[in-house]
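Keep in mind that what you see is a predicted model, and the values were worked out from it rather than measured. First listed ligand is number 1; within each ligand, the first listed atom is number 1.
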Amino acid sequence: METSRSAELFAEAQHHIPGGVNSPVRAFRGVGGTPRFIEHGAGAYLYDADGNKYIDYVLSWGPLILGHAHPEIVWVVSNQAARGTSFGAPTASETELAQLITAAMPAVELVRFVSSGTEATMSAIRLARAYTKRAKVIKFAGCYHGHADEFLVQAGSGVATLGLPDSPGVPPAATADTLSVPYNDLDAVEAVLKQHHDQVAAIIVEPVAGNMGLVPPLPGYLTGLRALADAHDALLVFDEVMTGFRVAPGGAQELYGVTPDLTCLGKVIGGGLPAAAYGGRREIMQQIAPAGPVYQAGTLSGNPLAMVAGAATLRAISAPGVFERLSQVAAQLRDGFAAAAEAANVPLQAASVGSMWGFFFAAAPIRDYASAKQHADTARYARFFHAMLERGVYLAPSQFEAAFVSLAHDDAEVEYTLEAARAAFRA
Ligand SMILES: *Cc1c(COP(=O)(O)O)cnc(C)c1O
């Protein structure tokens with residue numbers, strides 16, 4: 001496979017941009033090799049600068065549930081662009097997207113738009129702290145909530161780890177109120193709540209973890225978190241930036257039947273343009289300025305291009321049968337990968353939830369960040385990743401990421417991918 005043009009572009013980019021990329025995983029450090037510079041996308045496919053074609057399972061890290069350059073999205077975005085791209089004043093498109101979200105997620109009574117998932121989680125936690133008049137936040141090791149200081153906390157083993165910053169530049173004071181506990185472990189949460197009695201403002205969780213690889217919640221886990229939050233008067237915040245409109249029309253909260261106090265959204269709701277949101281109970285959301293005293297703002301918040309792309313996306317996926325179809329495609333990939341690995345005698349843990357799927361090169365089940373780090377064979381993943389890339393299948397360039405499917409992924413793409421996987425597992 002020819003990659004010289006991507007290599008040239010990457011070398012040039014590194015002269016001007018740190019590491020040549022604007023978000024770290026894109027640089028392929030987790031798997032080695034040269035990141036592909038993308039020239040265009042269409043449906044389920046990416047086309048790189050050397051003219052190679054790939055079936056895309058990254059989908060811009062989740063947003064593109066309709067696939068690349070969907071005609072409806074192209075139409076609404078072009079149409080809006082011709083009428084102006086930003087006004088810094090309210091537009092009807094914001095209310096329209098808000099209505100689509102609140103209709104799909106009954107727990108979201110009011111919703112505020114921002115431009116990135118990072119802003120959504122950061123603002124939701126500010127609000128939770130203001131509302132409860134408490135400072136501490138429980139998060140789970142391996143769950144990613146964007147790059148705000150307070151969430152960049154080293155994964156701790158044991159019951160609770162008082163926040164040690166994960167990145168230089170994050171002062172210890174910024175993470176001093178962040179309590180990190182293992183995912184899928186209710187006892188650990190209860191112990192921390194008891195230890196910090198009356199101090200915990202919120203428990204924030206990825207209801208289906210997708211940023212340590214795909215790790216679904218164990219049965220009863222989310223219900224248990226709801227009960228613990230209630231018992232300790234803390235708010236339960238679902239970070240559904242990845243899972244919202246991805247695992248079910250109403251997100252993980254619909255799929256598992258658990259109602260959070262606040263919900264963070266992003267990715268799919270922007271239809272491939274920068275939009276994210278946080279929302280929840282009216283009484284809590286009314287605390288946000290200008291309705292209430294909690295400050296939060298944004299020059300491009302509720303950007304009309306993103307609003308119309310998001311609304312067109314949510315309308316398209318509300319058609320009957322869409323989630324059945326997406327879930328079935330993801331399950332076919334999950335089962336096909338499991339079977340291909342078994343035939344090649346390769347230990348593999350494969351999972352899917354709605355249109356998310358993923359796999360670990362591991363012999364033991366993965367339930368949390370510690371087991372992912374301990375058991376997942378990252379060198380093997382890197383080899384497999386490149387074997388698939390050579391065959392024209394674009395997976396995430398890291399073992400610790402989820403995979404996605406879109407409505408553009410059809411039987412032909414699934415069959416081709418499984419054929420490639422059968423060869424790559426043997427390689
Ligand atoms: C992607 C993601 C974020 C961060 O969103 P950005 O738009 O990249 O800032 C936050 N939480 C979860 C669960 C995510 O998957």
A.B. asks: Using 30° and 60° as the class boundaries, would you call the ring planes of His386 and Phe28 parallel, tilted or perpendicular?
C.D. replies: perpendicular
A.B. asks: Hey, what's the ring geometry for Phe140 with Tyr221, parallel, tilted or perpendicular (30° and 60° as the breaks)?
C.D. replies: perpendicular
A.B. asks: Report the nearest protein non-hydrogen atom to atom 2 (C) of ligand 1: residue, atom name, distance rounded to 0.1 Å.
C.D. replies: Lys267 NZ, 2.6 Å
A.B. asks: Who's the nearest protein heavy-atom neighbour of atom 5 (O) of ligand 1, and how far?
C.D. replies: Gly117 CA, 3.2 Å
A.B. asks: What are the atoms of ligand 1, with element, lying closer than 4.0 Å to any heavy atom of Met242?
C.D. replies: 15 (O)
A.B. asks: Select one of side chain, backbone, both or neither to describe which atoms of Glu206 lie under 4.0 Å from any atom of ligand 1, heavy atoms only.
C.D. replies: side chain
A.B. asks: Going by the closest heavy atom to atom 12 (C) of ligand 1, which one wins out of Phe151, Trp61, Tyr144, Phe238?
C.D. replies: Tyr144
A.B. asks: Can you tell me which residue and heavy atom of the protein come closest to atom 11 (N) of ligand 1, and the distance to 0.1 Å?
C.D. replies: Asp239 OD2, 2.7 Å
A.B. asks: Do you know which two heavy atoms are closest between Leu9 and Ala49, and how far apart they sit?
C.D. replies: CD1-CB, 3.7 Å
A.B. asks: Any nitrogen or oxygen of His145 lying under 3.5 Å from a nitrogen or oxygen in ligand 1? Just yes or no.
C.D. replies: no
A.B. asks: Within the 3.5 Å criterion, strictly below it, is a donor on Glu94 or Thr91 matched to an acceptor on the partner's side chain?
C.D. replies: yes
A.B. asks: Which atoms of ligand 1 are found less than 4.0 Å from any heavy atom of Thr118?
C.D. replies: 4 (C), 5 (O), 6 (P), 9 (O)
A.B. asks: As a test of understanding, state which of Arg129, Lys139, His145 forms a side chain to side chain donor-acceptor pair (under 3.5 Å) with Glu150.
C.D. replies: Arg129
A.B. asks: With nothing but distance in play, are any N or O atoms of Thr121 less than 3.5 Å from an N or O of ligand 1?
C.D. replies: no
A.B. asks: How about Gln296 and Tyr278: does a side-chain donor come under 3.5 Å of a side-chain acceptor?
C.D. replies: yes
A.B. asks: Consider only side-chain N and O atoms of Thr417 and Tyr57, and report whether a donor and an acceptor are under 3.5 Å apart.
C.D. replies: yes
A.B. asks: Which residue and atom name correspond to the protein heavy atom nearest atom 3 (C) of ligand 1, and how close is it?
C.D. replies: Val241 CG1, 3.7 Å
A.B. asks: Taking 4.0 Å as the limit for heavy-atom contacts, which would you say applies to Asn211 with ligand 1: side chain only, backbone only, both, or neither?
C.D. replies: side chain
A.B. asks: Between Ser6 and Arg36, is there a side-chain donor-acceptor contact under 3.5 Å, judged purely by atom types and distance?
C.D. replies: no
A.B. asks: Would you call Glu240 a ligand 1 contact, heavy-atom distance under 4.0 Å?
C.D. replies: no
A.B. asks: Name the orientation class of the two ring planes belonging to Tyr45 and Tyr47 (parallel below 30°, tilted from 30 to 60°, perpendicular beyond 60°).
C.D. replies: tilted
A.B. asks: Answer yes or no for atom 15 (O) of ligand 1: protein heavy atom present at a distance under 4.0 Å?
C.D. replies: yes
